[in-house]
Amino acid sequence: MNVDIGNALSAVAAPGISRAALERLDEQVADAHERIDAGMEAGEHGYAALNLPNRTDTDEIRVAVDRVTGPDTSAILTVGIGGSALGAATITDALNDADDPEAIYLDNVDPDWLSATLDRLDLETTVLNVVSRSGTTAETLANFLVVRETFEEAGVDWTERTIVTTGDDGPLRELAERHNLPSLAVPDGVPGRFSALSAVGLVAAAVCGHDLDALLRGAAAEAETLTGSLFECPAYAYGATTYALDARGARTNAMMPYAESLETYAEWFAQLWAESLGKDDLGQTPVRALGVTDQHSQLQLYRAGPRDKLVTFVTVQETAARPIPDTDVDDLAYLGDASLGDLLDAEFEATEASLAAAGRPNVRIEIDRVDEFELGGLLYGMEAACVLAGELYGVNTFEQPAVEWAKKATRGLLGGGEFAEAEAVAEKTELRVER
Ligand SMILES: O=P(O)(O)OC[C@H]1O[C@H](O)[C@H](O)[C@@H](O)[C@@H]1O
């Protein structure tokens, strides 16, 4: 990926960063890089994720997947949530076409939606992919139990078509062993939201026939760029710029890919950014947007609302050729000389310029096309950017203790143990207005 931070400079935007401040920040980037490099070298928790391009065994994934797939595989149903769903979903949503098995992600426990999803699937030809790093996440295990029962009720042997990815121990690991299911391990030291380039993110891609090695090659090429300077490393340029802009008031980061196929990528980015950096009263709020759709929904606010935002564009250089047909309506004649890709490009350039003209900071991330290689680079680059930003903020990038509170409260409410957090739920302050 390439990154253009020109529109984040204070010469263009407010908030913005001056060239001199960038030079000073680059010294901090050099120190942070040393720390990251040492963490990678030692395989330390979290930093180990940046070693995945050279560590993930794609043959092992393919062998496991071969045990549950066949030429008639019509769908892959992934049961997982957060980091155990969003990386895989980003990849299959970006790369799948109509001929590939449908990739579905059960990352919610909404009973209406779950039932409707299961009702429309041909379970005989559906692969079940259960993913949980901890093996204990209530939503994932509850959904799995419901799905398993649905298979049984339909007379379909779920053990023949289920693949599990989980940690070395825990309830899911036990279940995989008891039923002799093909199973893969979440690699040591890799938090869920950094695991897209491991079995966690790649099983669904393998079932859908995508080139896992090209994904990893793209990530490895991005890893090669990690050096001690933001001026030489696109990932660090992005991480350092977002950090600097946040410190200067851009508290929100709107991730806006200009490709429908990258909509889920913005969701993945939101978890990466929020859970990694949102601690100690610090962190930039990620917002999901989509070009061009959200030009007609959110752009007004981004251009004229409070000066508390950075807009991050992701643009794709090559898109499919799809000419716009000629028309005899005079006012629309200009469209006939263009393709939909030309229109998309023009809309992106106009939006980027409109923000700059209003002095609103924005950053452009460019990828050549939406394919395995480029996507691997984008995912890796954003992870490295996040790790760098975490170093600059001085937070513990790889934990998410604040999420635990609600997990305990939920468990307590369902009778799964004594938790003080559950009692706090009953103490809610009310000021109700009823119809
Ligand atoms: O993979 P799992 O252990 O099931 O965890 C799934 C997700 O749930 C948690 O609540 C964390 O906040 C996420 O970081 C994690 O990705």
Side-chain angles (χ1 to χ4, degrees), residues 45-49 52 56 77-91 105-110 114 128-148 162-176 181 183-204 264-280 283 285-286 379 382-383 386-387 389-390 395-414 416-417 419 421-422:
H45 181 72
Y47 301 98
L52 284 177
T56 298
L77 188 59
T78 298
V79 180
I81 198 166
S84 287
L86 289 170
T90 295
I91 296 169
Y105 295 85
L106 295 186
D107 61 353
N108 200 345
V109 289
D110 176 336
L114 188 80
L128 179 57
N129 177 33
V130 189
V131 189
S132 174
R133 184 176 195 276
S134 61
T136 58
T137 301
E139 296 89 336
T140 299
L141 293 178
N143 275 344
F144 168 63
L145 293 173
V146 171
V147 172
R148 182 170 79 169
T162 299
I163 183 166
V164 167
T165 302
T166 189
D168 289 338
D169 44 38
L172 257 189
R173 174 63 53 201
E174 267 173 43
L175 183 119
L181 306 177
S183 67
L184 294 157
V186 179
D188 281 347
V190 178
R193 58 187 172 278
F194 289 91
S195 65
L197 297 166
S198 74
V200 174
L202 298 181
V203 165
T264 311
Y265 151 79
E267 279 189 55
W268 169 85
F269 173 83
Q271 186 202 3
L272 181 73
W273 224 240
E275 280 197 343
S276 302
L277 306 176
K279 41 203 69 153
D280 304 334
T285 302
L379 293 172
M382 289 296 113
E383 289 180 18
C386 183
V387 174
V395 295
N396 184 343
T397 308
F398 305 115
E399 305 294 339
Q400 58 288 331
V403 180
E404 296 304 317
W405 196 99
K407 277 189 171 179
K408 287 184 193 152
T410 306
R411 196 161 171 164
L413 289 176
L414 290 175
F419 293 99
E421 289 85 351

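All values derive from a computational prediction rather than experimental measurement. When a ligand or atom number is given, it counts from 1 through the structure's own listing order.
- Every residue meeting the side chain to side chain contact (heavy atoms under 4.5 Å, CB included) condition with Pro286, not counting sequence neighbours, appears here in chain and number order: Phe269, Ala270, Trp273, Ala274.
- Side chain of Arg173 to backbone of Thr166: a donor-acceptor contact under 3.5 angstrom is found.
- Legend: residues meeting ring-ring contact (aromatic ring centres under 6.0 Å, His included) with Phe419, ordered by chain and number and at least two apart, are absent.
- Residues satisfying the side chain to side chain contact (heavy atoms under 4.5 Å, CB included) test with Ala196, not counting sequence neighbours, are Trp268, Leu379, Glu383.
- Judged purely by atom type and a 3.5 angstrom limit, Arg193 has no side-chain atom pairing as donor or acceptor with the backbone of Gln271.
- Every protein residue with a heavy atom nearer than 4.0 Å to ligand 1 is included here: Ile81, Gly82, Gly83, Ser84, Ser132, Arg133, Ser134, Thr137, Arg193, Gln271, Glu275, Gln400, Val403, Lys407.
- Here the straight-line distance linking atom CG of Leu77 with atom CG of Leu106 works out to 4.5 Å at 0.5 Å rounding.
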